[in-house]
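I have placed the structure first, in the form of structure tokens, so that the comments after it can refer back to it.
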Amino acid sequence: MPPGDYARIYAAVRRIPRGRVATYGQIALLADLPGHARQVGYALNALEHERVPWHRVVNAQGRISLRAVSGAEFEQRRRLEAEGVEFDAAGRLSLARFQWRPRA
DNA sequence: AGCCTGACTCGGA
DNA sequence: CTCCGAGCCAGGC
């Protein structure tokens, strides 16, 4: 996978406004990498100190994807709630309400 | 090459 | 609604 791909993925994630979320597949599309939803996850997993709002990326079911190393999920939810995103009792957010829909 | 794994997704049971 | 199963693609062995 070309090194530049990660940069495009990060650029797409950076476009997500505060208080909104995007799905992995959606980011893949915006980065011109249709079908690479999993790679988006890898790219986010590889983040170190880059300034990228990784917490605004959730899966297609409006849930926070679990990592191999548990713990970061709580941090993600905490950050989203700090931006006004609400979760239901089942730990899921409403994509209908919070998903970012960039125009054309 | 083959096999396994993973911050994914969609559709069917 | 939840649980698979299959498809998906990149990476590491």
Side-chain angles (χ1 to χ4, degrees):
Chain A
M1 181 163 215
D5 287 358
Y6 272 25
R8 290 220 304 291
I9 289 173
Y10 296 153
V13 175
R14 271 190 282 258
R15 293 183 55 200
I16 310 172
R18 280 178 49 101
R20 311 308 295 294
V21 300
T23 65
Y24 292 90
Q26 184 183 354
I27 291 302
L29 243 33
L30 290 171
D32 267 307
L33 296 170
H36 291 57
R38 304 186 88 141
Q39 283 55 244
V40 171
Y42 292 154
L44 295 183
N45 186 56
L47 280 173
E48 289 301 335
H49 301 298
E50 296 86 336
R51 216 176 273 135
V52 177
W54 55 270
H55 59 285
R56 299 185 187 137
V57 183
V58 298
N59 62 37
Q61 300 152 48
R63 319 194 65 180
I64 291 175
S65 294
L66 274 39
R67 329 310 204 243
V69 182
S70 180
E73 314 93 78
F74 305 112
E75 174 64 10
Q76 179 169 9
R77 174 166 174 166
R78 189 188 70 67
R79 293 196 183 196
L80 285 176
E81 293 184 313
E83 297 185 349
V85 176
E86 298 163 29
F87 289 79
D88 62 23
R92 202 162 48 181
L93 60 82
S94 169
L95 287 177
R97 291 174 55 195
F98 302 108
Q99 183 173 202
W100 172 50
R101 294 188 189 66
R103 40 179 62 190

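We name chains A, B, ... by the order of the sequence lines, and we start the count at 1 in each one. Side-chain atoms are counted along with the backbone in the values below, which use heavy atoms only and exclude waters and symmetry mates.
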Any side-chain hydrogen bond (donor to acceptor under 3.5 Å, both in side chains) involving residues 71-85 of chain A? Give me the pairs, sequence neighbours left out, ordered by first then second residue. A/H55-A/E83, A/R56-A/E83, A/R67-A/Q76, A/S70-A/E73, A/E75-A/R78, A/E75-A/R79, A/R77-A/E81
Can you tell if the side chain of A/V40 reaches within under 4.5 Å of the side chain of A/L33, non-hydrogen atoms only? no
Between the protein and nucleotides 9-13 of chain B, list the N/O to N/O atom pairs that are separated by less than 3.5 angstrom.
unit_1: B/dT9; atom_1: OP1; unit_2: A/Y24; atom_2: N; d: 3.3
unit_1: B/dT9; atom_1: OP1; unit_2: A/G25; atom_2: N; d: 3.1
unit_1: B/dT9; atom_1: OP2; unit_2: A/A60; atom_2: N; d: 2.8

Counting the atoms with a prime plus P, OP1 and OP2 as sugar-phosphate, which does A/L66 contact under 4.0 Å by heavy atoms, base, sugar-phosphate, or nothing? sugar-phosphate
Same-atom distance (P) from C/dG7 to B/dA7, integer angstrom: 22 Å
Above 12 or not: heavy atoms from other molecules or residues under 6.0 Å from CZ of A/R51? no
In whole Å, what is the span from the CG atom of A/L29 to the P atom of B/dC8? 17 Å
Scanning both residues in full, the closest heavy-atom pair of A/G35 with A/Q39 reads O-NE2, 4.4 Å
CH2 (A/W54) and CG (A/L44) are apart, to the nearest 0.5 Å, by 9.0 Å
Polar-atom pairs under 3.5 Å, protein N or O versus N or O of nucleotides 10-13 of chain C: list them with distances, or write none.
unit_1: C/dA10; atom_1: OP1; unit_2: A/H36; atom_2: NE2; d: 3.3
unit_1: C/dA10; atom_1: O4'; unit_2: A/Q39; atom_2: OE1; d: 3.2
unit_1: C/dG11; atom_1: OP1; unit_2: A/M1; atom_2: N; d: 3.0
unit_1: C/dG11; atom_1: OP2; unit_2: A/M1; atom_2: N; d: 2.8

Taking all non-hydrogen atoms of both residues, which atom of A/A37 and which atom of A/A28 are closest, and how far apart? N-CB, 3.9 Å
Rounded to whole angstroms, how far apart are CG on A/L33 and P on B/dC8? 16 Å
Provide the full list of side-chain hydrogen bond (donor to acceptor under 3.5 Å, both in side chains) pairs with a residue in residues 8-37 of chain A, sequence neighbours left out, each pair given once. A/D5-A/R8
When you measure from the side chain of A/Q99 to the backbone of A/R97, do you find a donor-acceptor pair of N or O atoms at a distance under 3.5 Å? no
Side-chain contact test, heavy atoms from C-beta onward, threshold under 4.5 Å: evaluate it for A/V52 versus A/I9 and give yes or no. no
Could you list the protein-to-nucleotides 2-7 of chain C atom pairs, N/O on both sides, closer than 3.5 Å?
none

Remaining members of the apolar cluster that contains A/V58, side-chain heavy atoms under 4.5 Å: A/V21, A/I64, A/L80, A/V85, A/F87, A/L93, A/L95, A/F98
Euclidean distance, atom CG of residue A/N45 to atom C1' of B/dA7 [Å, nearest integer]: 7 Å
I'd like to check the salt bridge (charged side-chain N to carboxylate O under 4.0 Å, His left out) partners of A/R92; sequence neighbours left out, ordered by chain and number. none
Any residue in residues 71-88 of chain A with a heavy atom nearer than 4.0 angstrom to DNA chain B? Just list them by number, or reply none. none
